[in-house]
Amino acid sequence: MICYNCGCELSEHDYCTGCGADVAQYKKVMFISNRFYNEGLEMAKVRDLSGAVGSLRQCLKFNKNNIEARNLLGLVYFEMGEVVAALSEWVISTNIRDKKNLAQDYIDMIQSNPSKLETINKTIKGYNEALRHCGMDSYDLAIIKLKNVLSLNPNFIRARQLLALLYVNEEKWAEAKTQLVKCAAIDTGNTLTMRYRMEVDEMLTPVDGDGGHRRKKKEKSDTITYKSGNEIIIQPADTRSSSGLGVILNLFLGVCIGIAAAWFIIMPARVGIASTEAEARLREVNEQLDARTAQAEDLKSQLETALDQTRQMEENLATYEEHSGSMSSSYALIQAAATYLGSQEGDDLSSIADYLDDVDVSDLGQDSSEAPLKLYNLLMEMAGPSMATQFYDAGYEAYNTGDYEVAIENLERAYQYDPSNGDALYYLAQSYNHSGDETHAVQMYRKVVDEFPDTEKAVKSQGYLEQLTGSAD
C-alpha cells in the first residue's frame, strides 16, 4: 500500500514515513475496499454473479481507482450478458491506467471482431424490441424475439428471466422451469431467479400427497361392478331362486312372449331402427362436413395473421438495419470524451480526433435534445479549436517542406474542426494544386472564394482558378 500524498510505501505506523501524513483512516478505507474485492472474487469463482456485482460495486465506492476490481466487475457483467455495462467499466479502467491494463485487451478483443460487435448490437436491439412487444401485450412476438436473442447470447440473464416470466404468464410451467434452471446455472445467487423458481415449483407440485389419485371405495357385496370403456357399470346381483317348477313356467312364458314380440314388435322395430340409423349417419356426415369447413376457415385466418406478423417483422428488421451503426458511433464518442477528460490540458488531441472520425453524427439522433448529440457538440466546442490549431500547424509545416500528402491530411482535419480557418482551406487548395490533383484544387479554391470573399486569399484563389480552368479548357 502506498501513500496517497507522496507515493511512498506505507509501514505499520499510522503515519507516512516519507511525508508524515496521517494515513490511519486511509488504511481503513483501503482495507475495507480490498475486503469487498476478495468477497466479490470468491463469489465470482462459485458463479454467484449477482453477489459478486454487489461486493465489487461496494469495493469501488471505497476505492474507485481499484483497477483489478473494476476489470473483474466488467468480466462479471460480460458473463451475465451485460456487454454494454462491461465495456463501460473497462473504458473507465483504461482511462485510469492506460498501460499494462488487461481492460485494454478485453476491449481490443471485442473491437477486433466485427461479427462480435454485430452480435452484441443485435442482442441489445432484440431485447429492447421484446420489451416493446410486452408493453403492447404481443407476448407471442416477445417470446420469438427473446429466443432469437438467447440464440445469439445464451448468458443474457435478463432476457432469459423475461422469457421465463412470459412462459409463466401463459401457464407453461415446465418451459418456465427450464429457463430458470439455465439462469441458476449461469448465476447461482440471483434472487429474482430464485423467486420465479419458487412460484413455478409450487405450481408444479401435485395437490394430493398420493399424486392426486384416490382409490374408489369398495362397493357393497350385493352389487356387481365392471368397467365398460371409460365408464364403471354397477348392477344388482341376481338373488332369485332357481326351483324346477319356476324354471319350466318361466321357459314357457318366455317362448310365448318371444313369438309374439317377433311378430308384432321386432320386425317393425328393426325397420324403424334401420331408418333411424340411416338418418343419424346422414346427420353425422353433414356435421363432419361443417366441421371441416370451419377448420379450413380457421386455418385460412391463422395463415393471414401469420403473413401479417411476418410483414411486420420484416418492416421492423428494416428499421433496425437503418440504425445498425448507432452503437459503434456512441462507443467512439464515449472513447473521445473519456480521452479528453483523462488528458492533461488537452495533450492527447490526436487520439481524440481519431475517435471523433469514427463518429457518424446522423447515428446520434436528429433531435438536438438527445444526450449523445449534446455530448458531441459540447466536445467539439471544447476541444475543436485546439485540435484545429494543432492540425493546422502540422499541415502548414508539411506544406512548407513539400510533403503535400501529409499537408492535405492535416489541413483537411484543421478545416473540419474550425470551418472559420480560411488559411487552412487556402493551403489545402495549394497542397492539392502542387500535388497535381487539379480537380480537388479547383473545388477548394472555389470554396475559398465563396466562403472568404474580399480577402487576399480569395483574390489569389481566383487567379489560380482562372489558370486551372483555362488549362482544362
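Atom set for the values below is all heavy atoms of this structure, side chains included, hydrogens, waters and symmetry mates excluded.
When each of F452, Y432, Y464 is tested with Y445 by the rule ring pair (Phe, Tyr, Trp, His ring centres under 6.0 Å), just one qualifies, namely Y464. For the side-chain hydrogen bond (donor to acceptor under 3.5 Å, both in side chains) test with Q179, the passing option among K172, Q161, R160 is R160; the others fail.
A salt bridge links R70 with E89: the closest approach of a Lys/Arg side-chain nitrogen to an acidic carboxylate oxygen falls below 4.0 angstrom. Checked for salt-bridge contact, E129 and R132 meet the test: a charged N lies under 4.0 Å from a carboxylate O. Ion pairing of D201 with K177 is present here, as a side-chain N (NZ or NE/NH1/NH2) and a carboxylate O approach within less than 4.0 Å.
At most 12 heavy atoms of other shown residues, nucleotides or ligands fall within 6.0 angstrom of atom CD in E456. Residue R57 places its CZ atom among 12 or fewer non-hydrogen atoms of other residues, nucleotides or ligands, all under 6.0 Å distant. Within 6.0 Å of CZ in R35 there are more than 12 heavy atoms belonging to other residues, nucleotides or ligands.
Formation of a donor-acceptor pair under 3.5 Å by the D418 side chain with backbone atoms of A414 is not found in this model. Not one N or O on the side chain of S33 forms a donor-acceptor pair closer than 3.5 Å with the backbone of V29. The backbone N or O of A294 lies less than 3.5 Å from no partner atom in the side chain of D298, so there is not a single donor-acceptor pair. In this structure a side-chain-to-backbone donor-acceptor pair under 3.5 Å is present from T94 to V91. Checking side-chain atoms of N101 against main-chain N and O of S93 turns up a donor-acceptor pair under 3.5 Å. Of the possible donor and acceptor atoms, none in the side chain of N433 sits under 3.5 Å from a partner among the backbone N and O of A429. Of the possible polar contacts, none joining the S138 side chain to the L141 backbone as a donor-acceptor pair under 3.5 Å is found. Using modelled atom types, one side-chain atom of T188 and one backbone atom of R47 make a donor-acceptor pair closer than 3.5 Å. Without hydrogens or angle criteria, N190 side chain to S50 main chain gives no donor-acceptor distance under 3.5 Å. Using modelled atom types, one side-chain atom of T401 and one backbone atom of E397 make a donor-acceptor pair closer than 3.5 Å.
In this structure, CD1 on I120 lies 11.0 Å from CG on L152, to the nearest 0.5 angstrom. Separating the CD atom in Q462 from the NZ atom in K457 is a distance of 15.0 Å, to the nearest 0.5 Å. Here the NZ-CD distance, from K45 to E42, works out to 4.5 Å after rounding to the nearest 0.5 Å. In this structure, OH on Y127 lies 10.5 Å from CG on L150, to the nearest 0.5 angstrom. A distance of 8.5 Å separates CG in L102 from CZ in R97, rounded to the nearest 0.5 Å. Note: L425 CG to R446 CZ = 13.5 Å, rounded to the nearest 0.5 Å.
Considering every non-hydrogen atom in both S435 and I408, the closest pair reads OG-CD1, 4.0 Å. Contact between A407 and S431 at its shortest, heavy atoms only, is CB-OG, 3.7 Å.
Ring-plane geometry between Y399 and Y427 is classed as tilted, the angle between the planes lying from 30 to 60 degrees on a 0 to 90 degree scale. Ring geometry for Y417 against F391 counts as parallel: the plane angle stays under 30°, on a 0 to 90° scale with 60° as the upper cut.
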I'd like to know whether L56 forms a side-chain contact (heavy atoms from CB on, under 4.5 Å) with L60, so could you lay out the CA-CA distance, the side-chain angles of the two residues, the decisive distance to 0.1 Å, and finally the verdict.
CA-CA 6 Å; L56 292 173; L60 293 175; 5.6 Å; no

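Side-chain contact of S115 with N113: a donor-acceptor pair under 3.5 Å is present, judged by distance alone. For the 3.5 Å distance criterion, the side chains of D108 and Q104 qualify, holding a donor opposite an acceptor. Y139 and D137 share a donor-acceptor pair across their side chains, judged by distance under 3.5 Å alone.
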